Structures are given as C-alpha cells and as structure tokens.
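Here the structure is a predicted model, which means the values were calculated and not measured. We name chains A, B, ... by the order of the sequence lines, and we start the count at 1 in each one.
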There are 2 protein chains.
Amino acid sequence: MVSAPLASVRSGAPAKERLRLWIRILRASRLIEAVLRERLKTRFDTTLPRFDVLSALDRAPEGMAMSDISRFLLVSNGNVTGIVERLVTDGLASRTKRDGDRRTSIIKLTPAGKEAFAAMAEAHERWVDELLGSLPEDEARALAGTLKTFESNWEGGV
Amino acid sequence: MVSAPLASVRSGAPAKERLRLWIRILRASRLIEAVLRERLKTRFDTTLPRFDVLSALDRAPEGMAMSDISRFLLVSNGNVTGIVERLVTDGLASRTKRDGDRRTSIIKLTPAGKEAFAAMAEAHERWVDELLGSLPEDEARALAGTLKTFESNWEGGV
DNA sequence: GTATGAAATTTTAAGGTTGAAATATATCCG
DNA sequence: CGGATATATTTCAACCTTAAAATTTCATAC
C-alpha cells in the first residue's frame, strides 16, 4: 500500500460533491426537456428527437451523412435511421447518394424542412430563454464556460 | 405597441446566451449518461432507468407509491409500471397493498435489491467522480449552487 | 483480380418513454 | 344511499433508444 486513493487525497469529500452536481445537472436537463417536448408536441406536432435532427441538418446546408448526424447528436446510428426515415416520409428531409461512395447517404433539409425548422427554432429559442430566465446573465455565462471546458476536456481525457 | 419585448430589454442578447447554455447542459448530461449507461450494462447487466428506480427506493425504507416514484424521477406513470414490473420479476423490489386504499401499491426494495443497489451505488459514485474529475472543486460547487437555485425557482415559477 | 479487412448503414431484439384512454377504487355531497 | 368527481394505476399505440449482428460497398494488399 503506497497511498490512500487519489480521490480522497485531492480534498475533503469531492466524490459526494460531484455526485450532487451530477444529480442537479440531470434534473435540470430533464425538467427543461420535458417542457420542450410537450410544447413541440402541442404547438408543432413533432418530437424533440426530430427537432434535434432538423437542427443538425439546418447548420449543414451541404448535407450530412447519417454517421455525422449520430456523432453530432450523441445518439446511436440505428437511432438516426428511423428518425430520418420519418422526416423523409414527411417531406422535411431528402436523401441522395454521394458520388463515388454508394455506402453513404447525404441527408439535407428540403425547402419545406427549412421552413418548418425556422418556425420551430424561433419558438424553441424563446422557450429556452423563458425557462432559463431565472438565471442571471453572468451566472449563465459562467456556467456555459465551465461546461464548455468540461466538454473540451472530454475528447482528450475521460 | 408599448415597448420592445422584455427579453431584448433585459440586456444585449440574452436569448442566444441562454440557448447556448442549454445546449451545453444537454450535451454534458448526454455525454455522462452514455458512459454511465454503458458501464451499468457491462458491469452490472442493468440499465440506467432501473438504477434510477432502485436509487429512489433506497432513500425510502418505508416504500414508495408508484406515483411517488414517477414524480421523483420526473418520468411518466406508465413508464414506472414497466420498470418496477421487471424489478419485481428479478426479485429486487416488492409490491404490497396499502391498508385502507386498494388503489395504491407500496414498492420497496427486497434485501437482494438493497444489496444489489449498494454495490451499484458505490461504483456509480466513483464513476461520476471520475467523469466530472476535470471540474475544479470550487467550480463544481458554484455550478451546483446555481442549478439548485434554478430548480427551486422552478416550483414557484415556470 | 481477388481475398481481406475497414467503413457506412440498416436491421433486429429488447427495453424505455410518452400522452391518452381505460380501469378500479375512494371521496364527497345532496 | 347513490351519483359525480377525483385519485392511483395500468394499458395501449407510437415512437425513441441502444448494442449487436447483418449487409453493402469500398480500399488495400497481394
């Protein structure tokens, strides 16, 4: 035995503290998600996963491969298959083959998809602003900064 | 027309700022959840929702009604039905009727359930500590405080 | 060119999730 | 008492989600 576990050495009781933080992050995101989901349903008759995919596609006018979408949204490949399928059926997205690689589909928003997303995005932004309205501007910025650093560290570390 | 929209008056461009924050919260929680889910599966052959229910039950030695569980975990009633069903099948939870009200079931951990949860909780706490390890202690505390306030405001407002 | 392995995607099975409808029980009030 | 209303829960259909297996296509090395 060379030393106590690192975690115990770092400081008082960090594990408990971080666990509490994690629970708070989880609850906050679930509270917000629940409201957004419900509003997307009642006002636009759509779902959060569909909105997420539209949102990803909207930032990529040149289109995205299926795997780009799943990587960006942090969901599995098979998951995206079904959602895109329904978006295509509904006329909001299109899929074409990429020249030179018949494995890859390129998914794009259709004009109808762009239009539908624009309306949703506008409402979505208002809702989020409302739901997070109790956070003072500076705290929001600080929080975002901390989480950004966290996410950056993720790629390298974990 | 009396005034510009409140959001625009409060300060520069708060909506965008809060939207960014929301996206970061969402991504952070998805990143962490993905790891926890994968580890619960490989090391304990269970799922995050099951773990969540066990965790809720563990804090309530006297047992919980189905609706207590769903309210606490922020999920729907019907959802809990299925998860508890499987926990009971696996011998980790028990359901009994409450005297005087035959609508209500009281769900409790069995001894096997307590034991299984204890092992998982210990690992879970270590994992979270590891995954959030890149956050300095003071930032973690600040973040938790902000989120706590946010959650408190929730009940009153929104 | 042809085997071999890598890459992109879909399929499949199991389970999670919701909102709404259905069921069962309790309570309240005239 | 008996009907109306409220509460606790389950059922249902549709969709989301994952991990793993299967499929298709590509790239590389003989």
Side-chain angles (χ1 to χ4, degrees), chain A residues 26 29-54 56 63-90 93 95-107, chain B residues 26 29-31 33-54 56 63-90 92-93 95-107:
Chain A
L26 196 53
S29 64
R30 284 190 186 171
L31 283 166
I32 295 169
E33 258 190 280
V35 176
L36 295 178
R37 190 186 312 114
E38 187 266 333
R39 293 191 185 175
L40 280 174
K41 167 124 191 181
T42 63
R43 319 243 174 133
F44 294 103
D45 190 32
T46 191
T47 65
L48 204 41
R50 271 165 160 94
F51 175 80
D52 288 343
V53 170
L54 291 177
M64 293 176 89
M66 298 297 278
S67 46
D68 293 334
I69 300 174
S70 59
R71 194 172 326 107
F72 180 72
L73 296 179
L74 306 173
V75 299
S76 68
N77 272 344
N79 188 356
V80 175
T81 298
I83 298 173
V84 166
E85 205 166 273
R86 286 171 216 116
L87 290 177
V88 171
T89 300
D90 294 349
R95 43 192 325 165
T96 54
K97 287 297 178 184
R98 180 160 66 190
D99 288 0
D101 191 338
R102 274 176 302 179
R103 294 170 303 182
T104 307
S105 301
I106 298 297
I107 317 297
Chain B
L26 196 54
S29 64
R30 285 191 184 170
L31 282 167
E33 259 191 277
V35 175
L36 294 177
R37 189 185 314 115
E38 187 266 333
R39 293 191 185 176
L40 280 174
K41 168 123 190 181
T42 63
R43 320 245 173 131
F44 293 104
D45 191 31
T46 191
T47 66
L48 205 39
R50 271 166 160 94
F51 175 80
D52 289 341
V53 170
L54 291 177
M64 295 176 89
M66 297 297 278
S67 46
D68 293 335
I69 299 175
S70 59
R71 193 171 328 107
F72 179 73
L73 296 179
L74 308 173
V75 298
S76 68
N77 273 342
N79 186 358
V80 175
T81 299
I83 298 173
V84 166
E85 205 167 273
R86 286 171 215 118
L87 289 177
V88 170
T89 301
D90 295 350
L92 302 180
R95 44 191 324 163
T96 55
K97 286 295 177 186
R98 180 159 68 189
D99 289 0
D101 192 336
R102 274 178 302 180
R103 294 170 303 179
T104 309
S105 302
I106 299 296
I107 317 298

Just to be sure I understand the rule, does [X] reach a base, reach only the sugar-phosphate, or reach nothing, if contact means heavy atoms closer than 4.0 Å?
{"X": "L74(A)", "answer": "sugar-phosphate"}
{"X": "G82(B)", "answer": "nothing"}
{"X": "D101(B)", "answer": "sugar-phosphate"}
{"X": "I83(B)", "answer": "sugar-phosphate"}
{"X": "V80(B)", "answer": "nothing"}

Measure the distance from [atom1] on [X] to [atom2] on [N] and round it to the nearest whole Å.
{"X": "D45(A)", "N": "dG19(C)", "atom1": "CG", "atom2": "C1'", "answer": "13 Å"}
{"X": "R103(A)", "N": "dA22(D)", "atom1": "CZ", "atom2": "C1'", "answer": "16 Å"}
{"X": "K97(B)", "N": "dT9(D)", "atom1": "NZ", "atom2": "P", "answer": "8 Å"}
{"X": "N77(A)", "N": "dT11(C)", "atom1": "CG", "atom2": "P", "answer": "13 Å"}
{"X": "I69(B)", "N": "dT10(D)", "atom1": "CD1", "atom2": "C1'", "answer": "14 Å"}
{"X": "D52(B)", "N": "dT17(D)", "atom1": "CG", "atom2": "C1'", "answer": "15 Å"}
{"X": "L31(B)", "N": "dT18(D)", "atom1": "CG", "atom2": "C1'", "answer": "16 Å"}
{"X": "E38(A)", "N": "dC15(D)", "atom1": "CD", "atom2": "C1'", "answer": "17 Å"}

Legend entry - Upstream residue (5' side of DNA chain C) when A34(A) and R98(A) are each assigned their closest nucleotide: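 Looking at DNA chain C, the more 5' nearest nucleotide goes with R98(A).
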Legend entry - Position toward the 5' end of DNA chain C (nearest nucleotide), I106(A) or R30(A): I106(A)
Inset, instruction - Give a yes or no answer on whether the side chain of N79(A) reaches the backbone of S76(A) with a donor-acceptor pair at less than 3.5 Å. - result: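 Not confirmed, N79(A) side chain does not pair with S76(A) backbone.
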Legend entry - Residues R30(B), D52(A); criterion salt bridge (charged side-chain N to carboxylate O under 4.0 Å, His left out); working and verdict: CA-CA 13 Å; R30(B) 285 191 184 170; D52(A) 288 343; 3.4 Å; yes
Inset, instruction - Check whether any side-chain heavy atom of R37(A) lies under 4.5 Å from a side-chain heavy atom of T47(A), and answer yes or no. - result: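 Not touching, per the 4.5 Å side-chain cut-off.
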Legend entry - T81(A) and M66(A), any side-chain heavy atoms less than 4.5 Å apart: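 Of all side-chain heavy-atom pairs linking T81(A) with M66(A), at least one is under 4.5 Å.
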Legend entry - Residue closer to the 5' end of DNA chain D, G78(A) versus M66(B) (nearest nucleotide): M66(B)
Where the side chain of [X] is defined as all heavy atoms beyond and including C-beta, which of [options] is the nearest nucleotide?
{"X": "R37(A)", "options": "dA24(C), dT10(C), dT18(C)", "result": "dT18(C)"}
{"X": "E85(B)", "options": "dT17(D), dT11(D), dC15(D)", "result": "dT11(D)"}
{"X": "R50(B)", "options": "dG15(C), dT9(D), dT10(C)", "result": "dG15(C)"}
{"X": "T104(B)", "options": "dA8(D), dT11(D), dT11(C)", "result": "dA8(D)"}

When you measure from the side-chain N and O atoms of [X] to the phosphate of [N], is any distance below 4.0 Å, counting only OP1 and OP2?
{"X": "R102(B)", "N": "dA24(C)", "answer": "no"}
{"X": "S67(B)", "N": "dT9(D)", "answer": "yes"}
{"X": "N79(B)", "N": "dT18(C)", "answer": "yes"}
{"X": "R95(A)", "N": "dT10(C)", "answer": "yes"}

Legend entry - Enclosure of K41(A) NZ (heavy-atom neighbours >12, cutoff 6.0 Å): no
Inset, instruction - For V80(B) and S70(B), work out which heavy atoms get closest and say how close. - result: CG2-CB, 3.6 Å
